[in-house]
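Scroll down for the structure; my scribbles are underneath it.
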Amino acid sequence: MITTIPQSTAFRWTYRAYVTLFFIYLALPLVTVCVFAFNDSVFPSLPWDGFTWDWFFGTETPRIGVFHERPILRSIVTSGVVAFWVSGLSVIVGTCNAFLFVRHDFRGKNLLYILMLLPLIIPGIILGISILVFSSSIANTLEEATGLWFDGLRPGLILVVLGQFSFITTFATLVISARLQKFDSSLEEAALNLGASKWGAIRQVTLPFLFPAMLAAAVVAVLMSFENFNTTLMLVGSDAPLTVTMFDRLKLGSTPVLNAVSLLLIVVSAVLGLLSLLLKRED
């Protein structure tokens, strides 16, 4: 709503009602999922049979809670390992990309920048299939030439990390680049005049300035890695991350334990999201 244009009372109330309904529409499914994580029933639906903690701490079938469900716990650890590597690689490469695009002018810079943004508009499932076909082709060629088996180029955690890294690093680059553009280059010049080397000036002056953005980019990368499904599904091997494990469980029939997992993910995502916002406020 444009506040500078006079609005009638009816229009303002209609607009407020629309905004309220919009946020209810967004929040209601999440609230429903959270509520049924405590339903004393083996089905995540009405009727409400009472309050229980079984879907978190239960130890007896069929009420095994999420903290005693070994396949889910194993998939959470797998997702954590993948997110760790994806966030680390994304921040490192994103920082290098930021220096490249902000500090340097060269032929083909705009084309390279567009290529970096392409993974954002390519559907995740297409990206996953493309990486799988490409890596499998390379693996087949190398195996025929050497007679060796290249597990890293077959579906598995390495391909999952590379697949997620291929588009998450773009977000890290954008976050860090925005911070670097605000940097006063005269601070580096002052460090050089005082005897610091080029790398020393960057390490002691520029990187500390970029640290909040780098940390925010790492948080965003972790969140995106945990929630990614389409690309991961095409590249996963025997060790499935959490999203793929939950999808496989849904095919067998939903239980409130999945609601409990969803609730935990919502809480963790909210905490990390708030942390990311706090870090961005320092930019």
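Because the structure is predicted, anything quoted here is derived from the model rather than measured.
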Exercise for the section: Only pairs at least two apart or in different chains count here, so list each salt bridge (charged side-chain N to carboxylate O under 4.0 Å, His left out) that has a residue in residues 14-30. Expected result: none

Handout entry: Student check: side-chain heavy atoms of Val160 and Thr231 closer than 4.5 Å
Key = no

Practice task
Quick one: list whatever passes side chain to side chain donor-acceptor pair (under 3.5 Å) with Glu227, sequence neighbours left out.
Solution key: none

Practice task
Would you list the pairs meeting side-chain hydrogen bond (donor to acceptor under 3.5 Å, both in side chains) in which at least one residue belongs to residues 79-101, sequence neighbours left out?
Solution key: Asn97-Thr173

Fill in the blank from the handout: Residue pairs passing the ring pair (Phe, Tyr, Trp, His ring centres under 6.0 Å) test with at least one member in residues 100-134, sequence neighbours excluded, are Phe101-Tyr113

Practice task
Write out all pairs satisfying ring pair (Phe, Tyr, Trp, His ring centres under 6.0 Å) with one or both partners inside residues 184-236, taking only residues at least two apart or from two chains.
Solution key: Phe183-Phe209, Phe229-Phe247

Handout entry: Within 6.0 angstrom of Trp48 CH2, more than 12 heavy atoms from elsewhere
Key = yes

Completion exercise
With sequence neighbours left out, the residues meeting side chain to side chain donor-acceptor pair (under 3.5 Å) with Asn140 are Arg154

Please output the side-chain donor-acceptor pairs of residues 27-36 that fall under 3.5 Å, not counting sequence neighbours, one pair per line with the distance.
from: Thr32; atom 1: OG1; to: Leu28; atom 2: O; distance (Å): 2.8

Fill in the blank from the handout: The complete set of salt bridge (charged side-chain N to carboxylate O under 4.0 Å, His left out) pairs with one or both residues in residues 62-80, sequence neighbours excluded, reads Asp40-Arg63, Asp54-Arg63, Glu69-Arg249

Problem - Pair listing, side-chain hydrogen bond (donor to acceptor under 3.5 Å, both in side chains) test, anchored in residues 18-29, at least two apart - result: none

Practice task
Determine yes or no for a side-chain-to-main-chain donor-acceptor pair under 3.5 angstrom, with Trp55 supplying the side chain and Asn39 the backbone.
Solution key: yes

Handout entry: Residues forming a side chain to side chain donor-acceptor pair (under 3.5 Å) with Ser166, sequence neighbours excluded
Key = none

Handout entry: Hphob cluster co-occupancy, Met224 + Val91, side-chain heavy atoms under 4.5 angstrom
Key = no

Practice task
Not counting sequence neighbours, list each pair that qualifies as a salt bridge (charged side-chain N to carboxylate O under 4.0 Å, His left out) and has a residue in residues 195-205.
Solution key: Glu188-Lys198

Handout entry: Contacts of type side chain to side chain donor-acceptor pair (under 3.5 Å), residue Thr59, not counting sequence neighbours
Key = none

Handout entry: Any side-chain heavy-atom pair of Phe167 and Asn228 under 4.5 Å
Key = yes

